[in-house]
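The structure appears right after this line, and notes come after that.
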Amino acid sequence: QVQLVESGGGLVQPGGSLRLSCVASGSIFSINAMGWYRQAPGKQRELVTTITSGGSTNYADSVKGRFTISRDNAKNTVYLQMNSLKPEDTAVYYCNGRIRRRLGPENDYWGQGTQVTVSS
């Protein structure tokens, strides 16, 4: 059993900041990559940022220079620091983990999502 739980979403004014957290728990052998995705009303879920086990990162063009992904391997936790937030960042943000279970295969796991709303 593997579980991912997000936290940190909420309402913030344009130009403000939020930090999202995602904790993975359960029968984990290794976490090969983690990332953040988001889905706005009426749109497809899109990749925001990912980080590999080696620390390599990538970002969607829309968030480069504003968002930063980081991780704490000892805590099986990934973070998303969001600065200079814009109304168009409003979406449900989902945590994703590419995880190998103990004595099991590698699969993708998803959290339940956390709402981020950027509005005056």
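Because only heavy atoms are used, hydrogens play no part in the values below, and waters and symmetry mates are left out as well, while side chains stay in.
Glu6 places a side-chain N or O within 3.5 Å of a backbone atom of Gly113 that can act as its donor or acceptor partner. Using modelled atom types, no side-chain atom of Thr68 and backbone atom of Gln81 make a donor-acceptor pair closer than 3.5 Å.
One hydrophobic cluster, built from ILVMFWY side chains closer than 4.5 Å, cannot hold both Tyr109 and Val92; they sit in different ones. The cluster map of Ile, Leu, Val, Met, Phe, Trp and Tyr, joined by side-chain heavy atoms under 4.5 Å apart, puts Val118 and Leu20 in the same cluster. Leu80 and Leu18 fall within a single hydrophobic cluster, where Ile, Leu, Val, Met, Phe, Trp and Tyr side chains are chained together by heavy-atom contacts under 4.5 Å. Residues Ile28 and Leu4 fall within the same hydrophobic cluster, defined by Ile, Leu, Val, Met, Phe, Trp and Tyr side chains chained together at heavy-atom separations under 4.5 Å. Hydrophobic clustering of Ile, Leu, Val, Met, Phe, Trp and Tyr side chains at less than 4.5 Å, counting indirect connections, keeps Tyr37 apart from Ile51.
Annotation: Phe67 is not in aromatic contact with Trp36 [ring centroid separation under 6.0 Å not met].
Closest of all the heavy-atom pairs between Cys95 and Val78 is SG-CG1, 3.9 Å. The minimum heavy-atom distance linking Pro105 with Arg101 is given by the pair CD-NH2, 3.1 Å. When all heavy atoms are compared, the tightest approach of Tyr93 to Met82 is CE2-SD, 4.0 Å.
For the atom pair Ser7 OG and Arg19 CZ, the distance stands at 8.5 Å (nearest 0.5 Å). Asn76 CG to Ser25 OG: the interatomic distance, rounded to the nearest 0.5 Å, is 8.5 Å.
When side chains are defined from C-beta on, Trp110 counts as touching Arg45, because their heavy atoms get closer than 4.5 Å. You'll find the side chain of Ser119 stays beyond 4.5 Å of the side chain of Gln13, heavy atoms only.
Of the N and O atoms on the side chains of Arg98 and Asn96, not one donor lies less than 3.5 Å from an acceptor on the other residue. Looking only at atom types and distance, the side chain of Asp72 has no donor-acceptor partner in the side chain of Thr77 under 3.5 Å away.
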Check your understanding: Thr50 and Asn58: side-chain hydrogen bond (donor to acceptor under 3.5 Å, both in side chains), yes or no, with the steps?
Key -> CA-CA 6 Å; Thr50 61; Asn58 70 82; 2.3 Å; yes
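Connectivity analysis of hydrophobic side chains (ILVMFWY, heavy atoms under 4.5 Å, direct or indirect) links Tyr79 to nothing; its cluster partners are none. Annotation for Leu103: hydrophobic cluster partners, listed by chain and number, are none (ILVMFWY side-chain heavy atoms under 4.5 Å, direct or chained).
No more than 12 heavy-atom neighbours from other residues, nucleotides or ligands sit within 6.0 angstrom of CD on Gln112.
Within the structure, salt bridge (Lys or Arg N to Asp or Glu O under 4.0 Å) pairs that include any residue of residues 74-96 comprise Arg38-Asp89, Arg66-Asp89 (at least two apart or interchain).
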